[in-house]
J.: 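This structure is in structure tokens; I'll ask about it shortly.
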Amino acid sequence: MPEGHVIHKLARELTDKFGGKQVRVSSPQGRFADATAILDGTVLEDADAVGKHLFINFEARQCVWIHLGLIGKFRFKPLSQIENYDTLRLLIADSKIGAELRGPQWCRLITPEEKLAVIAKSGPDPLRDDADPERAWKKVHNAKRTIAQLLMDQGVFAGVGNIYRAEVLFRHGVDPKLPANKLSREVFDSIWADLAALMRADVLTGQIDTVDPEHSPEEQHRDPRVDEHGGEVYVYRRAGQECLVCGEPIQLELFAGRNLYWCPKCQPQASGGEPRAKHGGAWHNCAPKA
DNA sequence: TTATGATGGAAAA
DNA sequence: TTTCCCTCATAAA
């Protein structure tokens, strides 16, 4: 379940549990065995994240670069509960706890210089204090592609994935298909600030929760599938269901190869080119449901 | 038992 | 733009 918040949470947990310690490192599946032979028994210094890239830094300038992709998982378990070794790409362990990596898009041993090159290629990450949103604004302001496409571009908004894209466009009443160069500076700024705030909260929980309390449905009307993506959302995977704000059915379309969800009434065509109307702190464009 | 889909991205076409 | 990769819970048969 990997958008940026999950990767940053993993980096913190790896640092907390193993930082500064000598660890056992293995690749029971064998596909990363060349690297784990080098790393086994060495000190794991710390871990950090940029966008969806996870870096685990070992002594002697050894860095493991992990990208979970769509289906990769990295979990902590008591050593005694670890099984299914045939798909276990990487296991980092002390005497009690194991961190197990399965199905990553990639997992490579790189040098600190190669790590810097990955970071340089990445766009600013709303989760990082050193992020420079101006870099993202310049790309947005000059792009002919839609804002929905730019939000998924890791060279523009690092760490944002399909859920945050759908949710932040909804929260700001922006038409997903608005050409990015038509997005106003004001709306860009509020989107960036909102991403930074939402993602920071979500790093702590590991879930994506985007629904403000005033729109949260009663317990008995909650979508039972929220556990699948962990958290309560306005539009993601809610195609055909009523918009939590206006009641209109949420739309779904395969757009540039990914599922795009939006509310046609809260995010009307061409919306986002003008600063949103500020009525009493509300961010949406739409009249509340009767 | 087999098929499907998913929070992603690179490579091929 | 399509194909492919890697995993696994869930759905369909």
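Each chain gets a letter, A, B and so on, in the order its sequence line appears, and its residues count up from 1.
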J.: Give a yes/no on whether any side-chain N or O of Arg102(A) is located under 4.0 angstrom from OP1 or OP2 of dC8(C).
T.: yes
J.: Reckon Gly161(A) touches a base, only the sugar-phosphate, or nothing at all at heavy-atom distances under 4.0 Å?
T.: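 Sugar-phosphate, no base atom in range.
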J.: Would you call Arg128(A) and Asp130(A) a salt bridge, taking side-chain N to carboxylate O under 4.0 Å as the test?
T.: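 Between Asp130(A) and Arg128(A) there is a salt bridge, with a charged N closer than 4.0 Å to a carboxylate O.
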J.: Phe188(A) vs His141(A), test: ring-ring contact (aromatic ring centres under 6.0 Å, His included). Steps then yes/no.
T.: CA-CA 9 Å; Phe188(A) 170 87; His141(A) 192 55; 9.7 Å; no
J.: Using the C1' atom on both, measure dT7(B) against dT1(C) and round to a whole Å.
T.: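 Their C1' atoms lie roughly 22 Å apart.
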J.: dC6(C) P sits how many Å from Phe74(A) CZ, rounded?
T.: 19 Å
J.: For nucleotides dA10(B) and dC8(C), find the distance between their C1' atoms and express it as a whole number of Å.
T.: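 Looking at atom C1' only, dA10(B) and dC8(C) are 22 Å apart.
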J.: Can a side chain N or O of Gln29(A) be found less than 4.0 Å away from OP1 or OP2 on dT7(C)?
T.: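 Answer is yes, contact under 4.0 Å.
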J.: Would you say dG9(B) has OP1 or OP2 under 4.0 Å from some side-chain N or O of His67(A)?
T.: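 Yes, such a contact exists.
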J.: Is any NZ, NE, NH1 or NH2 atom of the basic residue among Arg171(A) and Asp212(A) found under 4.0 Å from an Asp or Glu carboxylate oxygen of the other?
T.: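 Salt bridge present between Arg171(A) and Asp212(A).
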J.: Taking only the P atom of each, what is the distance from dA13(C) to dG5(B) in whole angstrom?
T.: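 About 12 Å, rounded to a whole number of Å.
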J.: Tell me whether the side-chain N/O atoms of Asn259(A) come closer than 4.0 Å to OP1 or OP2 in dA6(B).
T.: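 Checking dA6(B) against Asn259(A), a side-chain N or O does come within under 4.0 Å of OP1 or OP2.
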J.: Could you check how far OH of Tyr85(A) sits from P of dC8(C), rounded to whole Å?
T.: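 It is 14 Å, rounded to the nearest whole Å.
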J.: Return the value, rounded to whole Å, for the distance between atom NE2 of His53(A) and atom C1' of dA10(B).
T.: 12 Å
J.: What is the distance, rounded to the nearest whole Å, between atom CG of Leu70(A) and atom P of dA6(B)?
T.: 9 Å
J.: Of all the choices, dG9(B), dC6(C), dT7(B), which nucleotide is nearest to the side chain of Gln154(A) once you look at every atom?
T.: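 Output: dG9(B).
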J.: For the side chain of Trp106(A), starting at C-beta, report the closest nucleotide among dA10(B), dC6(C), dA6(B).
T.: dA10(B)
J.: Over how many whole Å does the gap from Ile71(A) atom CD1 to dT4(B) atom C1' extend?
T.: 13 Å
J.: How many whole angstroms separate atom CG of Leu54(A) from atom P of dG9(B)?
T.: 14 Å
J.: Is the distance from OP1 or OP2 of dC6(C) to the nearest side-chain N or O of Thr87(A) less than 4.0 Å?
T.: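 No, outside the criterion.
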J.: Output yes when Arg165(A) and Asp153(A) qualify as a salt bridge under the 4.0 Å nitrogen-oxygen rule, no when they do not.
T.: no
J.: Assess whether a salt bridge exists between Glu134(A) and Lys138(A), defined as any Lys/Arg side-chain N lying under 4.0 Å from an Asp/Glu carboxylate O.
T.: no
J.: Between Tyr236(A) and dT7(B), is there a contact of a side-chain N or O with OP1 or OP2 at under 4.0 Å?
T.: yes
J.: Below 4.0 angstrom from OP1 or OP2 of dG9(B), is there any side-chain N or O of Lys52(A)?
T.: yes
J.: State, with a plain yes or no, whether a side-chain heavy atom of Leu90(A) is found less than 4.5 Å away from one of Ser27(A).
T.: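 A side-chain contact is absent here, since even the closest heavy-atom pair is not under 4.5 Å.
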J.: Scan Arg165(A) against the nucleic acid and name what it touches under 4.0 Å (heavy atoms): base, sugar-phosphate only, or nothing.
T.: nothing
J.: Between dC6(C), dA10(B), dG8(B), which one does the side chain of Gln105(A) approach most closely?
T.: dG8(B)
J.: Quick one: Leu151(A) CG to dG8(B) C1', roughly how many Å, whole number?
T.: 16 Å
J.: Do any side-chain nitrogens or oxygens of Arg258(A) fall under 4.0 Å of OP1 or OP2 in dG9(B)?
T.: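 For Arg258(A), the contact criterion (side-chain N or O under 4.0 Å from OP1 or OP2 of dG9(B)) is not met.
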J.: Rounded to the nearest angstrom, tell me the gap between atom CD in Glu100(A) and atom P in dC6(C).
T.: 19 Å
